[in-house]
Amino acid sequence: MIKISFPDGAQREYAAGTTAYDIAKSISEGLARKVLAAVVNGQVWDLSRPIYEDAQLKLLGWEEKEAKSTFWHSTAHLMAEAIESMFPGVKFWVGPPVDNGFYYDIDLGDRSINEEDLRRLELKMAELAKQNNAFVRKEVPKAEALAYFSDKGDQYKLDLLQNLEDGKITFYTQGEFTDLCRGPHIPHTGLIKAFRLTNIAGAYWKGDEKNKMLTRVYGVSFPSQKELDEYLTLLEEAKKRDHRKLGKELGIYTMDDDVGPGLIMWMPNGTIIIEELEKLAKETEEEAGYHRVVTPHIAKESMYLTSGHLPYYADSMYPPMELEGEKYYLKAMNCPHHHKIFAAEPKSYRDLPYRIAEYGTVYRYEQSGELFGLMRVRCMHMNDAHIYCSKEQFEQEFRAVNDMYLKYFRIFGIDKYVMRLSLHSPEKLGKKYVDEPQLWLETEAMVRQVLIDSGIPYVEVQDEAAFYGPKIDVQIYSVIGREFTLATNQVDFSQGRSFKLQYQTADNQSETPLIIHRAPLGTHERFIGFLLEHYAGKLPVWLAPQQVKILPISDKFLDYAEAVKKQLKAAGVRVTIDDRSEKIGKKIRDTELLKVPYMLVIGEKEVNEGKISVRRQGKGDAGAMPVAEFIQVISREIANRSSSE
RNA sequence: GCCACUUUAGCUCAGCUGGUAGAGCAACUGAUUUGUAAUCAGUAGGUCGUUGGUUCGAUUCCGACAAGUGGCUCCA
């Protein structure tokens with residue numbers, strides 16, 4: 001007999017060799033129907049795998065993350081079975097579960113696969129699922145596994161096998177399909193009731209662009225049709241808040257073939273948002289002791305040789321233009337220009353920390369396949385600043401920058417982000433990273449401490465630092481799930497030296513300053529793209545391109561509407577009148593769709609009482625009030641930069 | 001840059017197997033003067049992304065290019 005302990009502390013005895021499924025069944029039939037996998041002594045196991053020792057056991061239902069992964073992994077096998085039956089001779093690489101489903105990488109030879117094939121594959125999968133084929137686990141000696149895949153001529157699985165230890169190799173078979181697989185899997189294919197193959201993509205073998213490109217098929221599956229439908233509805237909803245869709249609907253930005261890919265033209269509405277953000281940044285930076293500067297969009301080759309960006313970064317820069325025998329580059333970063341401003345006048349320790357800020361325009365020749373709406377572009381306006389300071393001032397300055405981030409995030413109600421602390425790898429000192437082992441360790445410890453003190457959750461990643469120092473990136477996700485760095489805060493103990501930046505210390509020594517690169521509001525492009533999705537287009541009043549729309553019931557009331565408009569304009573409110581001869585219902589509908597935060601309805605009653613009827617976007621009629629009172633309300637909301645009313 | 005797909009009116013989208021295109025909304029004109037998410041009627045609007053080819057004939061089939069979309073790689 002073996003002793004099984006459950007998460008609630010209960011213990012039961014079972015015969016050795018019993019399975020998690022048997023145990024579930026012994027508790028209740030209902031549980032046995034719902035359970036998908038089990039955690040046995042901390043490892044996720046197949047339900048059908050016999051247990052021979054005393055064990056901690058947790059049964060996993062669909063709600064558990066590991067169960068979902070197992071379920072999706074099994075669906076990947078089901079899909080592979082369908083693919084192999086429809087396209088005999090294809091070779092499989094790996095088919096893991098991901099955050100929202102699964103994929104399988106396949107070498108289709110000289111074939112290709114299209115949307116129609118996906119629909120046919122789904123039918124085939126449905127057919128195979130109905131056979132209720134068990135996922136059968138088999139431990140195989142390495143020699144046998146090698147022989148099996150040599151016979152198949154499957155170089156991919158042979159490659160996988162090379163790194164596997166003899167004695168730990170398992171095959172899983174369901175129906176006609178056998179795969180090298182660590183497992184675990186759900187009991188049988190019949191549990192996969194609903195699925196959708198979502199898209200086809202290319203993926204380099206082992207993620208290396210020098211390797212062959214395999215075909216990756218993505219899909220998602222659920223234990224019932226209802227859950228699949230809910231998931232698809234969720235996707236539809238997400239699409240509605242996609243910044244590319246909202247950007248068009250709300251007249252925020254446009255792009256044009258004649259201008260070029262990744263080059264954003266901000267329309268009047270978008271420009272208002274930009275100006276409000278800059279106003280916020282300028283106020284905040286003024287208060288924090290920054291000086292504003294303005295620098296040109298181009299610079300000579302020599303500067304980028306000094307900075308080390310050339311030739312290393314040349315691929316990401318627009319090619320140079322030649323004038324009078326000199327090469328000029330569009331700037332891909334503002335730091336070198338700022339360093340030159342630092343160097344323009346002799347500095348003393350009394351001048352530090354020296355903080356200079358600019359909404360700098362930079363151009364990056366991003367790979368065409370990487371461009372993405374506002375989020376990844378080739379011309380961007382960066383909320384850039386550089387802080388030059390002594391080693392002693394460094395921590396305080398870094399902290400202040402971090403606090404500035406948090407202040408911004410509070411204003412915008414940004415709470416779904418991941419702070420990522422990017423560290424160096426000691427073995428790459430002198431290659432990928434400047435060779436200053438002691439400085440690295442000190443600054444990394446300092447940066448980590450700042451994060452800990454601020455109480456923000458963060459993740460540490462090795463080998464992701466900039467070549468000149470560690471950094472903190474703020475990672476966010478677009479509605480379609482793509483990850484982006486929204487903001488960045490970087491430590492630099494290298495460029496000061498490259499640019500021979502110096503200041504005189506109190507004891508009259510020349511010292512090189514340390515530098516902080518920071519961009520809490522990232523770039524206008526990415527930040528506004530993010531905000532549109534974050535607010536689903538319903539920008540807070542202070543950011544809304546149009547804050548108030550006056551809706552007269554009929555054009556008899558236009559004079560009064562004009563008078564109200566004049567008062568609001570005088571109070572600095574962005575206001576327009578809908579003077580079309582439409583019914584009020586129509587005017588409201590159109591204004592709602594444009595997501596204008598306030599609508600003021602004016603009819604006979606309002607004119608007589610000297611009032612306006614306020615309607616809040618998305619919330620309906622809010623009652624009548626005198627114009628002066630409304631001006632007070634909205635002015636306060638704007639001044640406070642309130643996220644909601 | 002790589003793989004796949006897409007590109008028809010300002011927008012959203014129809015258009016069977018090749019015979020030069022249609023709807024709704026928007027726009028414009030007129031009527032209507034309206035009370036909290038779509039008033040009615042009429043008019044105008046397209047070299048079917050660009051460019052080669054096949055064909056008597058191409059929006060439709062094939063190729064190239066461009067842009068976009070989903071991924072991959074990249075994002076100092």
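Sequence lines set the chain letters: A, B, ... in the order given, protein chains first and strands last, and positions in each chain run from 1.
Here the C1' atom of nucleotide B:A38 and the CD1 atom of A:Ile584 are 13 Å apart, to the nearest Å. Taking atom CG on A:Asp578 and atom C1' on B:U33, their separation rounds to 14 Å, with Å as the unit. To the nearest angstrom, P of B:G35 lies 18 Å from CZ of A:Arg589.
Residues A:Val434 and A:Ser494 come closest through the heavy atom pair CG1-OG, 3.4 Å.
The nucleotide whose nearest atom lies closest to any side-chain atom of A:His309 is, among B:A37, B:U36, B:A76, B:A76. For A:Glu592, taking side-chain heavy atoms from C-beta onward, the closest of the listed nucleotides B:A37, B:U34, B:G70 is B:A37. With distances taken from any side-chain atom of A:Arg244 to the nucleotides B:G70, B:A38, B:U33, the minimum falls on B:G70. The nucleotide whose nearest atom lies closest to any side-chain atom of A:Gln367 is, among B:G1, B:U34, B:U36, B:G1. Of the candidate nucleotides B:A37, B:U33, B:G70, B:G70 has the atom nearest to the side chain of A:Arg482.
Side chains of A:His524 and A:His381: no donor on one and acceptor on the other come within 3.5 Å. The closest side-chain donor-acceptor pair between A:Ser613 and A:Glu606 falls under 3.5 angstrom. Of the N and O atoms on the side chains of A:Thr254 and A:Lys248, not one donor lies less than 3.5 Å from an acceptor on the other residue.
Atom NZ of A:Lys327 has 12 or fewer heavy atoms from other residues, nucleotides or ligands within 6.0 Å. For A:Phe484, the CZ atom is densely surrounded, since the number of other residues' heavy atoms within 6.0 Å is greater than 12.
Rounded to whole Å, the C1' atom of B:U47 lies 40 Å from the corresponding atom of B:A37. Using P as the reference atom, B:A44 and B:C65 are 41 Å apart when rounded to the nearest Å. Separation of the P atoms belonging to B:G52 and B:G57 is 15 Å when rounded to the nearest angstrom. Between the C1' atoms of B:U59 and B:G49, the separation comes to 12 Å (whole Å). When the C1' atom is used for both B:A58 and B:A41, the distance is 38 Å, rounded to whole Å.
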Output a table of nitrogen or oxygen pairs between the protein and nucleotides 26-32 of chain B separated by less than 3.5 Å.
unit_1, atom_1, unit_2, atom_2, d
B:A26, OP1, A:Lys586, NZ, 2.6
B:U32, N3, A:Ser581, OG, 3.2
B:U32, O4, A:Ser581, OG, 2.7

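The base of B:C74 lies close enough to the side chain of A:Arg376 for a donor and an acceptor atom to sit less than 3.5 Å apart. For B:G1, its base never sits under 3.5 Å from the side chain of A:Glu366 at any donor and acceptor pair.
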Quiz item: Nucleotide by nucleotide, 5' to 3', does protein get under 4.0 Å of the base (B), only the sugar-phosphate (S), or neither (-) in nucleotides 3-17 of chain B, counting heavy atoms?
Solution: B--------S-----

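The shortest distance between the side-chain N/O atoms of A:Lys556 and the OP1/OP2 oxygens of B:U34 is below 4.0 Å.
For A:Arg482 and A:Phe372, the positive end sits near the middle of the six-membered ring, less than 6.0 Å away and at most 45° from its axis. Cation-pi contact between A:Arg378 and A:Tyr365: present, with separation from the ring centre below 6.0 Å and deviation from the ring axis of at most 45°.
Note: A:Tyr388 and A:Phe342 meet the aromatic proximity criterion, with ring centroids under 6.0 Å apart.
A heavy-atom distance below 4.5 Å is not found between the side chains of A:Asn489 and A:Pro520.
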Practice problem: Dot-bracket for RNA chain B, please, read 5' to 3', with Watson-Crick or G-U wobble pairs under 3.5 Å on both distances, ( ) within the strand, [ ] crossing, | other strand, . unpaired. | Solution: (((((((..((((.....[..)))).(((((.......))))).....(((((..]....))))))))))))....

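Using bins of under 30°, 30° to 60° and over 60° for the plane-to-plane angle, the ring pair A:Tyr253/A:Trp266 lands in the tilted bin.
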